Visitor: 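Structure below; questions to follow.
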Amino acid sequence: MDTEIELKFLVSDAVVPLIPALITQFAKTVTNKPSRNLQNAYYDTPSRELRALDIGLRTRCCDGECEQTIKLAGEVVGGLHQRPEYNLPLSGNRPDLLAFDAAIWPHGMQVSGIAENLYPIFSTNFIRRTWLLETENGAKIEVVLDKGEVAASGQVEPISELEIELIEGSRNELFALADKLVSESHVRLGLYSKAARGYRLADDKPLKASKSIGFVPLKRGATQEQALVESINYAIRFVQKHEACYFIKPSLKTLKRVTDGIRLIRHTFWLFDDIVSKDDTDSLRTELKWLLSELAWVENAIQLKTYTSKRHAYYKKINSAPELTQVINDLKELQPSIEDIETLFHSTRYNRLLLQLTTWLIEKQWRKSWGQAEFQAAEKPVADIAKRLFAKDWHDMHELIPEQQVFTDKDYLALRTRLENSLLSGNCLGALFDKEDRNEFRMPWVDISHGIYELSTLEYLKQLCAGQDDLELTKIQSWLDQKSEFLVSAMEQSRHASFNTDPYWFK
């Protein structure tokens, strides 16, 4: 058995000629291996039993020789892929699942039944160029460049990937080479394997943006440190997923999901501040703040798009005021282009941030300044910590919004950041508790959060109308005030309903 430890990058055609020079600068010695044309087929059952177990089965033929490979469930942290791999020679091009050692399979797996129902799901065909590097510190790293395509169900997607795999030595050397690549070439970290892309094509399930941030999948018995790792990894993958979605189908809502993932990372640092030192994460926090500032325009851009969409009530009102329409169109013209965003996602600073977060996780860098108190805190059950945190949060929220007080639109707008952070805590730790109880408790608060966003949309339009002496704009202002009042009334109902629901963490 081998365990792959590799980083994957997506590369443009312009970068390909630069790669040999970059790796030569990095390494003590470089061995250039002959290029090979690799033809691969991936197998599964009609019900995708291997996929459900996160197992990949592949045959590969090159120069008249074939092998079969099993990749078992592993983990992906940022751009780092780690999973056990087993290879056997194959006489022919159909896999023989029973030839593998029976000890490798997950408990209860029906190997014989699966073997009888295997068929090819998709194929990949690419030219592979390979270099073997030895660094000054004695590490050996394999660099492969794959150019070709993945095909399934009559559909084809291009493959243009660079993978660097640690063969021998310290992982630090792998990360050092990765830093070199993101610093000096137009590459970005890749999240999805060829197999993942092939299954999506075969099953006609294209990658789509999530509707919300979702919940970190924590196990009930997780320690505080395990919850920290799971939360940061979940958030990094969320950012990378939506970066990939943007390249497939650019949209403002997809960019909003990217910012959601970034905010979840920052919030996780804060949430686990008794084991994560602010000083030790200062540079990461600075870069996360930078990235949020680069995308700070997205929310207003979504609002401007809402104003000019024929599906929304704003459209007819705004079209009656040519001056306002012109202001909105001028603001839309100032927004970054799709090319600008793609440049950001290819930039050294962005990819270095993802690489630094990956390194921080893999190397457990939060431990470097720990004392005995932090080691003890890290082993505490995170469910106990979540209960205390939620209870304090709930008490503080009661102090901020007492049931008997009447709230205005300004009160709700001032509450926005506090409420969103409270909901993010639930996204991080809420999976530890009963789903139905959790969702029932959160529902009115999520409704209020959505209402606050709508209020901010109305408020932004009010600002665009302000200061102009125009009859139509005055009518629009009056209409916006009415909408705000109606929205606040609905939010007040949700707020009062929230006080009648028992906290889910006490059940």
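All values derive from a computational prediction rather than experimental measurement.
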Visitor: Strictly below 4.0 Å, N to O, side chains only: are Arg367 and Glu225 in salt-bridge contact?
Guide: yes

Visitor: What heavy-atom pair brings Arg438 and Ala431 nearest, and what distance separates the two atoms?
Guide: NH1-CA, 3.5 Å

Visitor: If I compare all heavy atoms of Trp366 with all of Val276, which pair ends up nearest, and what's the gap?
Guide: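 That would be CB-CG2, 4.4 Å.
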
Visitor: Around atom NZ of Lys364, are there more than 12 heavy atoms of other residues, nucleotides or ligands at under 6.0 Å?
Guide: yes

Visitor: Quick check: are there more than 12 heavy atoms from other residues, nucleotides or ligands sitting under 6.0 Å from NZ of Lys305?
Guide: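 Not buried by this count: 12 neighbours or fewer within 6.0 Å.
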
Visitor: Would Arg129 and Asp146 pass as an ion pair if we require N to O under 4.0 Å?
Guide: no

Visitor: Do any N or O atoms from the side chain of Thr254 and from the backbone of Pro250 form a donor-acceptor pair under 3.5 angstrom?
Guide: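 Answer holds: no.
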
Visitor: Closest heavy-atom contact between Ser210 and Arg257?
Guide: O-CD, 3.1 Å

Visitor: In terms of heavy-atom contacts, does CD of Gln25 have more than 12 from other residues, nucleotides or ligands at under 6.0 Å?
Guide: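 Yes, CD of Gln25 has more than 12 neighbouring heavy atoms, counting only those of other groups under 6.0 Å.
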
Visitor: Going by atom types alone, do Glu85 and Asn87 pair a side-chain donor with an acceptor below 3.5 Å?
Guide: yes

Visitor: Are any of the side-chain heavy atoms of Arg188 and Tyr350 separated by less than 4.5 Å?
Guide: no

Visitor: Is the shortest distance from a Lys or Arg side-chain nitrogen in Arg83 or Asp54 to a carboxylate oxygen in the other one below 4.0 Å?
Guide: yes

Visitor: Looking at every non-hydrogen atom in both residues, tell me the closest pair between Lys208 and Cys245 and how far apart they are.
Guide: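 Heavy-atom minimum between the residues: C-SG, 3.6 Å.
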
Visitor: Is the shortest side-chain N to carboxylate O distance from Arg352 to Asp179 below 4.0 Å?
Guide: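 Looking at Arg352 and Asp179, the cut-off is met.
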
Visitor: Is the closest side-chain donor-acceptor distance between Thr135 and Glu173 under 3.5 Å?
Guide: yes

Visitor: Check whether any side-chain heavy atom of Glu363 sits under 4.5 Å from a side-chain heavy atom of Phe175, and report yes or no.
Guide: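 Glu363 reaches Phe175 side chain to side chain.
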
Visitor: Determine, for Glu299 against Lys256, whether the closest basic-nitrogen to carboxylate-oxygen distance falls under 4.0 angstrom.
Guide: no

Visitor: I'd like to check Ile318 versus Leu461 (side-chain heavy atoms, cut-off strictly below 4.5 Å). Are they in contact?
Guide: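 Yes; the side chains approach each other to less than 4.5 Å.
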
Visitor: State whether the number of non-hydrogen atoms from other residues, nucleotides or ligands found under 6.0 Å of Lys140 atom NZ is greater than 12.
Guide: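 12 or below, so no.
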
Visitor: Output yes when a side-chain donor or acceptor of His346 lies under 3.5 Å from a complementary backbone atom of Glu342, and no otherwise.
Guide: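 Side chain of His346 to backbone of Glu342, a donor-acceptor pair under 3.5 Å: yes, one is there.
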
Visitor: Between Tyr234 and Phe238, what is the ring plane arrangement, given parallel below 30°, perpendicular above 60°, and tilted in between?
Guide: parallel

Visitor: Here's a test for you: under side-chain contact (heavy atoms from CB on, under 4.5 Å), which of Val382, Ile385, Ile232 qualifies with Phe272?
Guide: Val382

Visitor: Does NZ belonging to Lys332 count more than 12 external heavy atoms closer than 6.0 Å?
Guide: yes

Visitor: Could you verify whether a donor N or O on one side chain and an acceptor N or O on the other, from Thr343 and Asp340, lie under 3.5 Å apart?
Guide: no

Visitor: Indicate the atoms forming the closest heavy-atom contact of Leu353 with Glu287, along with that distance.
Guide: CD1-CB, 3.7 Å

Visitor: What distance separates Asn40 CG from Glu67 CD, expressed to the nearest 0.5 Å?
Guide: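 So the gap between those two atoms works out to 9.0 Å.
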
Visitor: Is the shortest distance from a Lys or Arg side-chain nitrogen in Lys380 or Glu374 to a carboxylate oxygen in the other one below 4.0 Å?
Guide: no

Visitor: Give a yes or no on whether the ring-centroid distance for Trp360 and Phe269 is below 6.0 angstrom.
Guide: yes

Visitor: Less than 4.0 Å between a side-chain N and a carboxylate O, is that true for Lys194 and Glu163?
Guide: yes

Visitor: Using a strict threshold of under 4.0 Å (side-chain N to carboxylate O), is an ion pair present between Lys253 and Asp260?
Guide: no

Visitor: Determine yes or no for a side-chain-to-main-chain donor-acceptor pair under 3.5 angstrom, with Ser422 supplying the side chain and Arg418 the backbone.
Guide: no

Visitor: What class does the angle between the rings of Tyr246 and Phe345 fall in, given that below 30° is parallel, 30 to 60° is tilted and above 60° is perpendicular?
Guide: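 If you compare the ring of Tyr246 with that of Phe345, the planes turn out perpendicular.
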
Visitor: Could you grab the distance from atom CD1 of Ile341 to atom CD of Gln335, nearest 0.5 Å is fine?
Guide: 9.5 Å

Visitor: Are any of the side-chain heavy atoms of Thr24 and Trp131 separated by less than 4.5 Å?
Guide: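 With C-beta onward as the side chain, the pair stays apart.
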
Visitor: Parallel, tilted or perpendicular: which describes the rings of Phe122 and Tyr42, with under 30° parallel and over 60° perpendicular?
Guide: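 Ring orientation, 0 to 90° scale: parallel.
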
Visitor: Please report the shortest heavy-atom distance between Leu324 and Cys465, naming the atom on each side.
Guide: CD2-SG, 3.7 Å

Visitor: Take atom NZ of Lys462 as the centre, draw a 6.0 Å sphere, and report whether it contains more than 12 heavy atoms from other residues, nucleotides or ligands.
Guide: yes

